[in-house]
Every structure is written in structure tokens, then in C-alpha cells.
Amino acid sequence: MAASEQKVVYIDEDVGKDEPSVAGTEEAPYKTLAYAFQHHPPTTPGIQYLTRKSQTGPVEDGNEASRLEWKPATKSAMKKANSLWEQAKKKAAKAEQLALREKEEAEKRRQVLEEAKKVVIKEDPSLPKPVRIRLDETNPNIVQLGSPDGSKKGTRVRVLGRVHRLRPQKDVIFITLYDGYGYLQCILTGDLTRTYDAMTLTLETSMAIHGEMREVPPKQHAPNNRELHADYFTIIGKAAGDKEAITNRVAPDAEPHVLLDNRHLVLRGETASAVMKVRAAALRAFRKTFEENRLLEVTPPAMVQTQVEGGATLFQFDYYGEPAYLTQSSQLYLETCLPSLGDVFCICPSFRAEKSLTRRHLSEYTHIEAELDFITFEDLLDHLETVISRVIELLLEDPQIAKFIHDMNPDFKPPARPFKRMRYAEAIEWLREHDIPNEEGKPHEFGDDIAEAAERKMTDTINQPIFLTHFPAEIKAFYMKKDASDPRVTESVDVLMPGVGEIVGGSCRIDDYDELIAAYQRENMDPSPYYWYTDQRKYGTSPHGGYGLGLERFLAWICGRYTIRECCLYPRFTGRCTP
Ligand code: 4AD
């Protein structure tokens, strides 16, 4: 019903409704006067507003029906509704204006972009042929820097990469390009900024840029203190923008599971890629250190039919109808290599079906394991200290890696030698003295497994690497050799680092045949699948030992990462096997 036809508008503050289905009639009244004003403005000639509170209104002369009587709206109610109506009108006008402006702007942008499509850039054939470089190329024989004002010419280069940062300004676009090797500031000016591609450029777009390399002007900053003044560019692959832009997919404050689902995009970030580069450098450094110490690399199988570290964390699968497991550790295989290959190491994945979600447990991790022949327990500890120290030395010798480590973990210092050595029994004493209880909330007793939380508290308090040694046989794996001077304990070592806790587990191995058979029995293990391991003790046994180091834990310590999940490419842990 049109407003002009209705002269009387009804408002029932109790049962009326402010909604389009209601017409403001006696049968279908509105709820508020303000709403009635919006649909039947007080400027309508001869309009009248009748109101009532049919349920809660005052009862006159004891007559309930008096509530149903319609009365003209009071002056003050009219005034209030009028001011609300005026406000609503202003708001609506503003919104309309804004929508109009937005539409105009969108249209203007469409026109500008249409115009931009007509701007075609061509490479100037009179310019020197560009030299293709990676973004970290700083060799002055390949790239010479011109002066900031262009008075001295720099090398003309061709670079390929993706847009990492983008800062469009009037008539100039600053791009930080990245290519996995480095970052380079590139500057587009003139017609280059007026092209459709430049005006719609998005982060992660892949492109080629040609131009001259110059020093950055004084007091300005850019990677390697240089910038590329572009004279030509081409887009190779546009990256999604707007809602699909990478910054929306992996916002810095996103929930951890979102970041994990989008790990492939997170890996493009500076920190994630820095960790991966330190990881690669650590692998190089371990291999170099092992080579220096004459350990030979071998690659044992991942599919096995024996356990090493207890049945609780075995991943079992069907192997042509037989039960088999993903390896927990290559140790037993490494031991079999000693007679013919000498000391050996391997860098292979190990698998653990960990039941709990912690920040230092993965289901698949990179295990760096070594085995040394004809050694004492002291030799093993000395070797471990040498290897860890040398690897850190090699990492810090590389300026790029040292910078990554420093940026991520500014407080990192190579640990002082000799590393602190502490027997398990001393640790139990220490925990008692510091009132750190065991898992049951009671003071630690000799024989207790030192739980993760207690171990971390102790390591963080002592705040230096600890070689924790001589664990009781009952809480350690079946293969560990007993200490001749105290048969309650084994020649075993855990290396504990502040921030992460245990990064290495190692020991001397039982080398006596009968003792090993007794150990299988003690652990209720069927010795038959281990015949090849037992044979070691039958054919020229030797005192030997070794260790396993979790690469991700080592990296979490060096790079100051909260969880080891950040220290591998695509982490696998309870409930996650994607991407
Ligand atoms: O102490 P562990 O279980 O020792 C062994 O597997 C020995 N057989 C190794 C050997 O002597 N060759 O594991 C060794 C190291 C731990 O100190 C830890 O750094 C890492 O492997 N590790 C894990 N890392 C990530 N996620 C897990 N679930 C891990 N379990 C062990």
C-alpha cells in the first residue's frame, strides 16, 4: 500500500512488528514510531499516528479493554521519532553517496585499466644485452653497480623471480623480487608502471625484469645495497589476488592448523625458507664432519621386521602378507657394517607412532645415526662432543647461514667445551633438590624415567648442553651395555639442549653373546628375527657404540624454533600426513 493513500498509521509497541510484511494498519500495526516514520513520513499531508501498548499499557478505570484503545502519538514521542528518522535519512544518504562514489571509482579504475591495456612496452634493442643472474649474484666481474643517479652505468641484467614485496607509489613501483637465492629491489618507472600488468601486479607473481644495477642512494636500504632500475619486464605467471591473495591464505596471525594446511605457501616465507637453508647446511656439515672423522655413509632399509626402541611406537604394515614395520632407527643395521666398512653413519628417515602431540615429536623425522667400532664409552662421549662442536663451527663459518641463525636466534652461541657431563643418578638428586616432581607428582627416585617436562626444566635451568649418562637398564633399550663398575646402569647417554631437551640418544652396545640373549629374554623379545644382529656377537665381536641425533630437534635448538614441526619440509605427526 503506498504511503500517500494511508492517512492513519497504527503502532502497537507490544505486538506490532517492524518488518516489510507489515503495513501499519490496525490489523497489522508497526512496533515503533520511528519505523512508521521511515515508511510513512510525517511530511505526508494529513497523516496521523495512533499508538497503544495492547499488553502492558495502563488500565483505565479497571477496564482491561482500555489498553486496546488507539491514541495519537504524544508530542515527545513524535519528537524522538523525528530525530531518529532524520538520523536514518542522513545515514541512508551517506551510504548512497558512498556506493555511488565506489561505483564511480570502480568505473574510473576500469577505464584506467582499459587505457593501461593500450600501453605496450617494448625492449629497447639499442641497450646492451642483459646478463642473466640469480638474485644473490654479487661477483663484481659479473655485476657492476652504477651510481645511484645513473651518471656511471651499471651492468644491465635479466632476473627471474617472484614478487615478495610490492610498494606502488605515484609513477614508481618498488618490487622486492625473490628467487630462492636472494632478494633484489627492483624499480619500475615511466611507462612500465602504466601497463595493465604493472597496475594489477600481485605478490608471488613470477616475472622477468631487465634493467641496470645501481647502488642504492645514500641513507636508503635494500638487500646488498643495490637496486635494479628496470627498463623492461614480462609477466610469467600472475598470482591470485584479492580474497585469494597469498597474504589471506597465510596471514601471520593464522591458526597453526591453517598454516600447516598451507605449508606449501608458508615455505615461501623468509623464516620458513631460512630454516630449510640452515637444515641443508646442517646436513652438509654433518656429512663433512663424518668424512673428516672417517665415517662411511650407508643407507639401511626403511622397511624392517625388527624393533629397536620398543614396540609401543612401531608403525606396522602388511608386507606381502607378513607383518613389517617402518624403521625406528637404523642402528642395528649400522652395527652390522662395522667389520667391513669401519665406522659408519646414515642420514635416513625414522618413524615413530607417537601417541601424544608434543612440540618435539614427529611421526617421521630425519635421523642422523653413527656407529663406531672398538671404542670405550669415553671415546663415544668425546666423539659426540667433537661432532656437535664441529658441525656448529661449520654452520657459523658460512656467513649466510650464520646470518639466518643470528636473525632467528640472536642469543645463539656455540656451546663451550667441554660439555657438562652428568650421571643419571646426579640428575635424580638435582631434580629432588629443585623440587621438580616425577610424572606421578612425587619426588624423583632412582629408576624413574625422567619425563619430558622435568628434563626440559632441568636443561633450561642449567642452560648449557648436558651429556646425561648412565641410565638404569630397565628404562633403556634392550641393546645397551651395562657399566662394568655399576651393573645397575648402562653406558648410555642423552644429549640435552636448552630449549628443546634431548637431541641425541646413544650408548655402547652389548657385545657379549650370552648377555644379549639374556637381554632379549628380559624384554620378552623373540630372538629369532634378530639372528643377523646376534651373529655380530658370534663372528668376532667388539666393544662398539653409537648414537642417533634427531635433525629437527637439533635445528629447533640452533634456529630457536618453538616446535620441531617448523624444522622439516612437511611435518608428519599424530593426525597429519598432508600436504
Ligand atoms: O633416543 P632414540 O630413540 O635412540 C635411538 O633410536 C637409537 N637407536 C639411536 C642410535 O643409537 N643409533 O632416538 C634418538 C634421537 C632422539 O634423541 C631424538 O633427537 C630423535 O632421535 N627422536 C625424535 N625426533 C623427532 N620425533 C620423534 N618422535 C623422535 N624420537 C626420537
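Just follow the structure's listing: the first ligand is 1, and inside any ligand the first atom is 1.
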Quick one: does NZ or CZ of [X] land under 6.0 Å from the six-membered ring centre of [Y], within 45 degrees of the ring axis?
| X | Y | answer |
| --- | --- | --- |
| Arg352 | Tyr365 | no |
| Arg509 | Tyr533 | no |
| Arg565 | Tyr562 | no |

For [X], take its heavy atoms, then give the atoms of ligand 1 lying under 4.0 Å from any of them.
| X | answer |
| --- | --- |
| Ser329 | 6 (O), 7 (C), 8 (N), 9 (C) |
| Ile564 | 25 (C) |
| Arg509 | 10 (C), 11 (O), 12 (N) |
| Tyr479 | 7 (C), 8 (N) |
| Glu502 | 1 (O), 16 (C), 17 (O), 19 (O) |
| Arg360 | 25 (C), 26 (N) |

Sidechain N-carboxylate O distance under 4.0 Å for Lys277, Asp398: no
Would you say that more than 12 heavy atoms from the other residues, nucleotides or ligands in this model lie under 6.0 Å from the CZ of Arg294, or not? no
Where's the contact between [X] and ligand 1, heavy-atom distance under 4.0 Å: side chain, backbone, both or neither?
| X | answer |
| --- | --- |
| Tyr547 | backbone |
| His361 | both |
| Thr313 | neither |
| His367 | side chain |

What is the closest protein heavy atom to atom 13 (O) of ligand 1, and at what distance does it sit? Arg352 NH2, 3.7 Å
Among all the protein's non-hydrogen atoms, which is closest to atom 26 (N) of ligand 1, and how far away is it? Leu362 N, 2.9 Å
Leu380 side chain near Phe377 side chain, heavy-atom distance below 4.5 Å: yes
When you measure from the side chain of Gln331 to the backbone of Val308, do you find a donor-acceptor pair of N or O atoms at a distance under 3.5 Å? no
